[in-house]
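Notes follow once the structure below has been shown.
All ligand and atom numbering here is 1-based and tracks the order in the structure.
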Amino acid sequence: EYSQFCERLSDLEIGLELRLDLRSEDFSELDELGRGNGGTVCKVLHVRTKTVMAKKTIHVDANLNVRKQIMREMQFMHDCNSKHIVSFYGAYMNGGDILICMEYMDVGSLDKIYKKNGPIPMDVLKKIAYAIVDGLIYLYDNHRIIHRDLKPSNVLVNSQGQIKICDFGVSGQLNKNSVADTFVGTSSYMSPERILGSPYSVKSDVWSLGITLMELALGRFPFPPDGGSLAIFELLQHIVHEPVPTLPEGKFPANFQDFVSKCVAKDVTQRATPSELMKHPYLVSSLTEKVDLEKWAQSQAR
Ligand SMILES: CC1(C)CNC(=O)c2sc(Nc3ccc(I)cc3F)c(C(=O)N[C@@H]3CCCNC3)c2C1
């Protein structure tokens, strides 16, 4: 009886130890990975546990109470455990910043990969589509989390060939308080109804998924059709008023074309849910296709 109690206690201690209480001084900086709008990401070593991590800084203009609430909400990420979600190690506050420590994905993001090596091969892209839909279903079904910011730069790859999503909107407070950087930058993955001010729904993520897959297949952002570039305001107008983007006829497999058309349906009622997408022949066929993702990922390395 007593020995069982001691065993249980030591398990609890290990669990708590893994919920590292992170502080800036525990890290040594190895490399800067990216300076995005709204945040920077560094490759760091957590010295005590000898764990390489990616540490993201998000500047939050909010009072202490709101920042404490964000920290409480961030703790839910410890419960996000899926092979298609980047692992979360912990978060801490430093002045007006929130620092998020996560699994280091050593090959990098899909936007960097396609911009360096060209369009993603169709067999690999099918596995990527499966991973993203599986990750979205996991976040929504288990944690009621809508990603809100799905795009190629938020889908990461490591040298084991694993594909995982990150930067999902876990904190309601942070969703409200963070300067929506979606209006910054040159592309927008926002759905038409979202641009018109409707609240996010899981189907907003499906629109972003469709645009993301088209971009990875084409090797360029799919708006405007003629490949020109629009200023952000013109782009948002285009997304709302112009026909949805389409892939050039005959250049892509029919089931991929059909899958993407069910993602970028303007009418939300016509747009598929992530669970419906999982039943689409395009993703069902992904389960039986063998693709050496490890070999592909290692050939894409920085
Ligand atoms: C999505 C967000 C605006 C709202 N809610 C938010 O709660 C979050 S959370 C979160 N990050 C995050 C999420 C999960 C993991 I695992 C690792 C992460 F870094 C982020 C985050 O990074 N956002 C980036 C900031 C730079 C520009 N692109 C969006 C956010 C912010």
Quiz item: Do any N/O atoms on V170 end up under 3.5 angstrom from N/O atoms on ligand 1?
Solution: yes
Exercise. Examine S171 against ligand 1 and note whether any of their N/O atoms are separated by less than 3.5 Å.
Key: yes
Quiz item: Who passes ring-ring contact (aromatic ring centres under 6.0 Å, His included) against H280, sequence neighbours left out?
Solution: F259
Quiz item: Can a salt bridge be assigned to the pair D111 and K115 using a cut-off of 4.0 Å between side-chain N and carboxylate O?
Solution: yes
Practice problem: Hey, could you give me each pair passing salt bridge (charged side-chain N to carboxylate O under 4.0 Å, His left out) that has a residue in residues 234-243? Not counting sequence neighbours. | Solution: none
Exercise. Please confirm whether D167 comes within less than 3.5 Å of ligand 1 when only nitrogen or oxygen atoms on both sides are compared.
Key: yes
Quiz item: Heavy atom under 4.0 Å from ligand 1: found in M77's side chain, backbone, both, or neither?
Solution: side chain
Quiz prompt | Contact atoms of ligand 1, heavy-atom distance to D149 under 4.0 Å | solution = 28 (N), 29 (C)
Quiz item: Aromatic ring centroids of F221 and Y189 under 6.0 Å?
Solution: yes
Self-check item: Lys/Arg cation over aromatic F256: K126, 6.0 Å, 45° cone
Solution: no
Self-check item: Electrostatic pair K290:D292 at N-O distance under 4.0 angstrom
Solution: no
Quiz item: Relative to ligand 1, is I100 under 4.0 angstrom through side chain, backbone, both or neither, heavy atoms considered?
Solution: side chain
Self-check item: Under 4.0 Å to a heavy atom of K56 - the qualifying atoms of ligand 1, by number
Solution: 19 (F), 22 (O)
Exercise. Record the part of I70 in heavy-atom contact with ligand 1 below 4.0 Å; permitted values are side chain, backbone, both and neither.
Key: neither
